[in-house]
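Written out below as structure tokens is the structure these notes cover.
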Amino acid sequence: MSTTVLKFGGTSVATPEAIERLASIVSGVAGDRVIVVSATAGTTNALIAAANAAGAGDAEGAEAAVERLQREHDLLYQKVVRAKVDVVCAGLQELAERTKALLRSVGLLRECSRRSRDAILAYGELASSEIVAAALRARGVEAEPVAATGIVVTDDAFGNAAPVFDETYARATSVLGPMLRAGQVPVVTGFIGATRDGVTTTLGRGASDYTAAILAAALRADECLIYTDVSGVMSADPRIVPSAKPLPQLSYAEAAELSYFGAKVLHPRAVLPAVELGIPVRILNTFAASDAGTTIVGEAVPDGSVVKATTSLGGLALLTVQGAGMSGIPGFAAKVFDTTAAQDVSVLMISQASSENSICIVVPADTVDRLKDALERMLAKELAHHDVERVAVERPIAVVAAVGDGMRGTPGVAARVFGALGRLRINVVAIAQGSSELNISFCVAEADQARAVRAIHDEFHSSSATRPSASGTLVS
Ligand code: ADP
Ligand code: ASP
Ligand code: MG
């Protein structure tokens, strides 16, 4: 019998109409089915805001926010199970009470640790798994909510935990296997996991895709279907380039590059567990289920394109360590990256001039001040001797990446990319090309982000693309 993992994102579980579509998609799939759900759209953000408010001492405001979420969830539940107004789901009430209690303790301490935050965020996915399972049951599908805290074993890097694969795979088979054999449809929470000691963790923003791929790998599923609100991975973010087209096929490598550089449609780590086992991942639209979507496979069949998609990521900063004396200091770059690691700052892009007079690194804007201070402390002697002139910061910055397997070995791609930017007088702050040669990425001021994406998209998809608007503003 075939096994299919179906993941439904935030908008696909947020309204009665969406859940109706979800139910008909699930009913149309033969064989064993495992559902993975995200929190309803906006819930995780609301919970983060509530956790921050409680941490700042406003426990009342935070509790009120959870009560609002609880009312929304109750209403959704009533609509999808077609219940009378006064029917409430006990599971949902219990979840909300627990979350409010957590927020009260955070409020008392006036400190929200990453660990407490993860416990608070779990509410979102736990609530939607209750609702979706109830909706499916009301339509005759024997669905059961399952908390991934009992399946996905992770390390204790709260907020961005990494799964321990062998233990997770073993638990997935022991928890889900018997359910599937009994003809049940597990509705598993995406995004969350737990340490070996059972403390709740989260796998990073947008990581429900990752949960789906992990479970698909654990169960040796035949397919992993990621249902979202667009008809696949597109040649650019449709909010920036409204004429962007869905891509029928992508290689794992292309998909990984695109998601790494901001294509929110798929979580960057999500393809890995599937690639290892050759499980095809398909991105499909809950609201247009018959659209072909995008299939992500080991090796994409060449389609003659050079740049397949252009993607971008804002909210970043460019930090430059600069000085003529740097070239003489052995292990200099290593020292810089040791400091970055010690500060727990993730680096998105690196470029070093061949003169060795500067190292540029791109990091999230909200971590750059902390990193700059740490680097200045680490380099105090070099700065005093003017071996290092300065640690400079530019922000806000965006990284734009042009991605495509067809770029490999095709001469003149960089010239076209930078020619297109030059014609629009978009200033490029730093450049990097991955050694895999399937992406060219560069930094621009965040104000130029949308214009730069449109310029590249126009250059490589000119028959279908629109001309960049004069304002370059992001349409959302
Ligand atoms: P879900 O909640 O279903 O996981 P997300 O909001 O995380 O959905 O991801 C889907 C969104 O990703 C789309 O609505 C779209 O705005 C955005 N997106 C960004 N880049 C791309 C791209 N290249 N192709 C498709 N969607 C993209
Ligand atoms: N709910 C989580 C988030 O908003 C995970 C997900 O949606 O994939 O980040
Ligand atoms: Mg997502």
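Not measured: the values here are computed from a predicted model. Order of listing sets the numbers, starting from 1, for every ligand and every atom in it.
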Original post:
Can Asp448 and Arg451 be said to form a salt bridge (Lys or Arg N to Asp or Glu O under 4.0 Å), step by step?
Top reply: CA-CA 5 Å; Asp448 288 331; Arg451 248 167 22 105; 3.4 Å; yes
**OP:** List the closest protein heavy-atom neighbour of atom 15 (C) of ligand 1: residue, atom name, distance to the nearest 0.1 Å.
**Re:** Asp237 OD1, 4.0 Å
Original post:
atom 4 (O) of ligand 1: which protein heavy atom is closest, and how many Å away?
Top reply: Lys7 NZ, 3.0 Å
Original post:
Can you name the residues that form a side chain to side chain donor-acceptor pair (under 3.5 Å) with Arg115, not counting sequence neighbours?
Top reply: none
**OP:** Quick one: look up the protein heavy atom nearest atom 12 (O) of ligand 1 and list residue, atom name and how far away it is.
**Re:** Val265 N, 3.4 Å
**OP:** State if Ser208 counts as touching ligand 1 under the rule of any non-hydrogen atom under 4.0 Å.
**Re:** no
Original post:
Mind checking what residues have non-hydrogen atoms under 4.0 angstrom from ligand 2?
Top reply: Ser38, Ala39, Thr44, Glu125, Phe191, Arg205, Gly206, Ala207, Ser208
Original post:
Atoms of ligand 1 less than 4.0 Å from Val233 heavy atoms?
Top reply: 24 (N)
Subject >> Closest protein heavy atom to atom 14 (O) of ligand 1, given as residue, atom name and distance to 0.1 Å >> reply: Asp229 OD1, 2.8 Å
Original post:
Can you check whether Val26's main-chain N or O pairs, donor with acceptor, with Arg33's side chain at less than 3.5 Å?
Top reply: yes
Original post:
Within the structure, does Gly262 bring an N/O atom to less than 3.5 angstrom of an N/O atom in ligand 1?
Top reply: no
**OP:** Go through the steps to decide whether Tyr210 and Phe191 satisfy the test ring pair (Phe, Tyr, Trp, His ring centres under 6.0 Å), and finish with yes or no.
**Re:** CA-CA 7 Å; Tyr210 194 24; Phe191 182 52; over 10 Å; no
Original post:
Are Glu63 and Lys100 close enough, and set up right, to give a salt bridge (Lys or Arg N to Asp or Glu O under 4.0 Å), and what steps lead you there?
Top reply: CA-CA 5 Å; Glu63 277 193 68; Lys100 283 191 280 180; 5.1 Å; no
Original post:
What's the shortest distance from atom 16 (O) of ligand 1 to any protein heavy atom, and which residue and atom give it?
Top reply: Arg239 NE, 3.2 Å
**OP:** Determine, step by step, whether Asp209 and Lys7 satisfy the salt bridge (Lys or Arg N to Asp or Glu O under 4.0 Å) criterion, reporting the C-alpha distance in whole Å, the side-chain angles of both residues, the deciding distance to 0.1 Å, and the verdict.
**Re:** CA-CA 7 Å; Asp209 302 334; Lys7 178 257 171 177; 2.6 Å; yes
**OP:** Kindly indicate, with the supporting measurements, whether the criterion side-chain hydrogen bond (donor to acceptor under 3.5 Å, both in side chains) is fulfilled by Thr40 and Ser128.
**Re:** CA-CA 7 Å; Thr40 59; Ser128 51; over 6 Å; no
Original post:
Got a second to check how far Arg220's CZ is from Tyr169's OH, nearest 0.5 Å?
Top reply: 7.5 Å
**OP:** Check ligand 1 against Ala236 and write out every atom of the ligand that is under 4.0 Å from a heavy-atom position of the residue.
**Re:** 22 (C), 23 (N)
Original post:
Picking from Lys245, His457, His461, what satisfies side chain to side chain donor-acceptor pair (under 3.5 Å) with Ser235?
Top reply: His457
Original post:
Among protein heavy atoms, which sits nearest to atom 23 (N) of ligand 1, and what does the distance come to when rounded to 0.1 Å?
Top reply: Met234 O, 3.1 Å
**OP:** May I ask you to identify the nearest protein heavy atom to atom 8 (O) of ligand 1, giving residue, atom name and distance to one decimal place in Å?
**Re:** Thr228 OG1, 3.2 Å
Original post:
Should the proximity of Pro238 to ligand 1, defined as any heavy atom under 4.0 Å, be assigned to the side chain, the backbone, both, or neither?
Top reply: side chain
Original post:
Counting distance only, does the side-chain N/O of Thr149 pair as donor-acceptor with the main-chain N or O of Ala194 below 3.5 Å?
Top reply: no
Original post:
Rounded to the nearest 0.5 Å, how far apart are CD1 of Ile120 and OG1 of Thr202?
Top reply: 11.5 Å
**OP:** If you have a sec, work out which protein heavy atom is nearest atom 6 (O) of ligand 1 and how many Å separate them, to one decimal?
**Re:** Lys264 NZ, 3.0 Å
Original post:
Relative to each other, are the rings of Tyr123 and His73 parallel, tilted or perpendicular (30° and 60° limits)?
Top reply: perpendicular
